[in-house]
Colleague: 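Before I ask anything, let me first share the structure, which is written out below as structure tokens.
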Amino acid sequence: MFTSHAQIGQIALNVSVLGFDVSLKCELKMERSPEITLPSTHSLDVQPRSAKPRYHDRAVLVDLTHIYTRAQHEGLWIDDVQLYHQLTRDGDELLGVFAYLVIRPDQQEKVESLRRIGYQVSPRVVQPRSDNSETRKDIDTWLISDASLYAPFVKTLVVVSSDSDYAYPLRKLKQELNKRIEVIYFSEQSLSSELRFVADKCTPITALPGVCKPRLPSRKPEK
């Protein structure tokens with residue numbers, strides 16, 4: 001890269017300054033713009049977007065709020081670490097294990113704990129009311145909206161829930177996109193017939209080793 005100057009002419013001027021005659025000669029030069037030379041190794045590699053997207057084996061979507069609630073009713077608690085290991089133990093190529101739950105503002109540590117395990121968490125924060133009850137917001141729409149986004153990129157959708165609200169949207173994804181649907185439910189009593197009908201495979205969460213454990217009775221402080 002270099003800069004050169006080329007003389008293109010002279011102009012002679014005779015002017016009078018404060019009664020004195022002054023002769024001026026002006027030399028006109030033109031500066032050529034720098035030349036830019038690209039390295040020989042530089043090239044613009046523009047590739048068209050691949051027409052075939054990358055497919056994964058499965059996407060797993062876990063309605064943790066539903067599972068926690070059902071477990072509490074049965075006197076059990078869910079081991080989040082064992083649940084994650086059971087959901088990922090087959091060695092399939094996963095798009096991800098996505099968890100959905102409702103939390104209070106003071107439960108952010110629960111979200112961070114799940115993320116450290118490996119879950120991709122979508123928490124919905126609710127504010128406690130003045131009467132100490134909670135505003136329970138439905139997160140079903142979050143889960144099924146994400147399922148619709150992930151469906152084109154996976155062969156199988158795995159939904160961990162017994163909620164019958166998922167039956168219709170999962171049936172549409174199965175019919176329209178030819179997806180395999182697997183459901184991991186809490187108990188036979190909680191699994192709706194609609195969800196059972198749409199699923200290609202149903203597995204009780206209690207059949208997953210180490211996931212459901214007895215809830216220890218809380219100790220009352222001694223008087």
Colleague: In Å and rounded to the nearest 0.5 Å, what is the CG to CD1 distance from D80 to I78?
Modeller: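 It is 8.0 Å, given to the nearest 0.5 Å.
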Colleague: Within the structure provided, determine whether V125 and V102 are in side-chain contact (heavy-atom separation under 4.5 Å).
Modeller: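 No, side chains not in contact.
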Colleague: Among all residues two or more places apart in sequence or in another chain, which pass the salt bridge (Lys or Arg N to Asp or Glu O under 4.0 Å) test with R116?
Modeller: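 Once residues adjacent in sequence are excluded, the partners of R116 under the salt bridge (Lys or Arg N to Asp or Glu O under 4.0 Å) criterion are E109.
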Colleague: Is there a donor-acceptor contact under 3.5 Å from the side chain of T156 to the main chain of R58?
Modeller: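 No; zero donor-acceptor contacts below 3.5 Å.
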Colleague: Is R196 salt-bridged to E188, going by a charged N under 4.0 Å from an acidic O?
Modeller: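 So R196 pairs with E188 through a salt bridge.
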Colleague: Please determine if D63 and R70 form a salt bridge, counting it only when a charged side-chain N lies under 4.0 Å from a carboxylate O.
Modeller: no
Colleague: Are the side chains of V158 and I181 in contact, using a 4.5 Å heavy-atom criterion?
Modeller: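 No, too far: nothing below the 4.5 Å cut-off.
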Colleague: State, to 0.1 Å, how close Y150 and A59 come at their nearest heavy-atom pair, and which atoms those are.
Modeller: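 Nearest heavy atoms, Y150 then A59: CB-CB, 4.3 Å.
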Colleague: Give every residue pair that meets the ring pair (Phe, Tyr, Trp, His ring centres under 6.0 Å) criterion with at least one member in residues 69-90, sequence neighbours excluded.
Modeller: Y84-Y119
Colleague: Measure the shortest side-chain to side-chain distance between Y100 and T65 over non-hydrogen atoms and say whether it is less than 4.5 angstrom.
Modeller: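 Side-chain contact under 4.5 Å: no.
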Colleague: Below 4.5 Å, heavy atoms only, C-beta onward: do T203 and V183 meet side chain to side chain?
Modeller: no
Colleague: Pick one: which of V62, L76, L83 meets side chain to side chain contact (heavy atoms under 4.5 Å, CB included) with I205?
Modeller: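 With I205 as partner, V62, L76, L83 yield a single side chain to side chain contact (heavy atoms under 4.5 Å, CB included), made by L83.
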Colleague: For V126 and P105, work out which heavy atoms get closest and say how close.
Modeller: O-CD, 3.0 Å
Colleague: Could you tell me which non-hydrogen atom of A151 sits nearest to which non-hydrogen atom of L157, and how far apart they are?
Modeller: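 Smallest heavy-atom distance, with atoms named: CB-CD1, 4.0 Å.
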Colleague: Does the side chain of L101 reach to within under 4.5 Å of the side chain of I103, using non-hydrogen atoms?
Modeller: yes
Colleague: Using every non-hydrogen atom in the two residues, find where T206 and F186 come nearest and quote the distance to one decimal.
Modeller: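 Heavy atoms of T206 and F186 come nearest at CG2-O, 4.0 Å.
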Colleague: Any salt bridge between R180 and E182, counting N to O under 4.0 Å?
Modeller: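 A salt bridge is present here (some side-chain N lies under 4.0 Å from a carboxylate O).
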Colleague: Can you tell me if K174 has over 12 outside heavy atoms packed within less than 6.0 Å of its NZ?
Modeller: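 Enclosed.
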Colleague: Apply the test salt bridge (Lys or Arg N to Asp or Glu O under 4.0 Å) to residues D200 and K179: give CA-CA distance (whole Å), side-chain angles for both, the deciding distance (0.1 Å), then the verdict.
Modeller: CA-CA 10 Å; D200 297 287; K179 298 300 170 181; over 6 Å; no
Colleague: Verify, without hydrogens or angle tests, whether E74 (side chain) and A71 (backbone) share a donor-acceptor contact under 3.5 angstrom.
Modeller: no
Colleague: Report yes if some heavy atom in the side chain of Q86 is under 4.5 Å from a heavy atom in the side chain of P209; otherwise report no.
Modeller: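 Counting from C-beta outward, Q86 and P209 do come under 4.5 Å.
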Colleague: Does atom CG (N178) have a neighbourhood of more than 12 heavy atoms from anything else shown, all under 6.0 Å?
Modeller: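 It does not: N178 CG has 12 such atoms or fewer within range.
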Colleague: For K201, does the NZ atom sit with more than 12 other heavy atoms under 6.0 Å from it, leaving out its own atoms?
Modeller: no
Colleague: Donor-acceptor pair, distance only, cut-off 3.5 Å: does the side chain of D92 make one with the backbone of L94?
Modeller: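 Pair absent, no side-chain N/O of D92 close to backbone of L94.
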Colleague: Going hydrophobic residue to hydrophobic residue with side-chain gaps under 4.5 angstrom, can you get from L173 over to Y168?
Modeller: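 They do not share one cluster, since no chain of ILVMFWY contacts under 4.5 Å joins L173 to Y168.
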Colleague: Is there side-chain contact between V154 and D57, with heavy atoms separated by less than 4.5 Å?
Modeller: no
Colleague: Okay, side chain of H66, backbone of S162: is any donor-acceptor separation there less than 3.5 Å?
Modeller: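 Checking the backbone N and O of S162 against the side chain of H66, a donor-acceptor pair under 3.5 Å is found.
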Colleague: Verify the cluster assignment for L149 and L61: are they in a single hydrophobic cluster under the rule of side-chain heavy atoms below 4.5 Å apart?
Modeller: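 Result: yes, single cluster for both.
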Colleague: Does any part of the side chain of V159, heavy atoms only, come nearer than 4.5 Å to the side chain of I184, both counted from C-beta?
Modeller: no
Colleague: Using the side-chain hydrogen bond (donor to acceptor under 3.5 Å, both in side chains) rule, take D163 and Y185 through it: C-alpha gap first, then chi angles, then the decisive distance, then the call.
Modeller: CA-CA 8 Å; D163 197 335; Y185 60 95; over 6 Å; no
Colleague: Could you report the tightest heavy-atom contact between P123 and R115, atom names first, then the distance?
Modeller: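 That closest heavy-atom pairing would be CD-NH2, 4.0 Å.
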Colleague: Kindly compute the distance separating CD1 (I117) from CD (E112), expressed to the nearest 0.5 Å.
Modeller: 11.5 Å
Colleague: Considering non-hydrogen atoms only, spot the tightest contact between S161 and L195 and give its length.
Modeller: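 Closest pair (atom of S161, atom of L195, distance): O-CD2, 3.6 Å.
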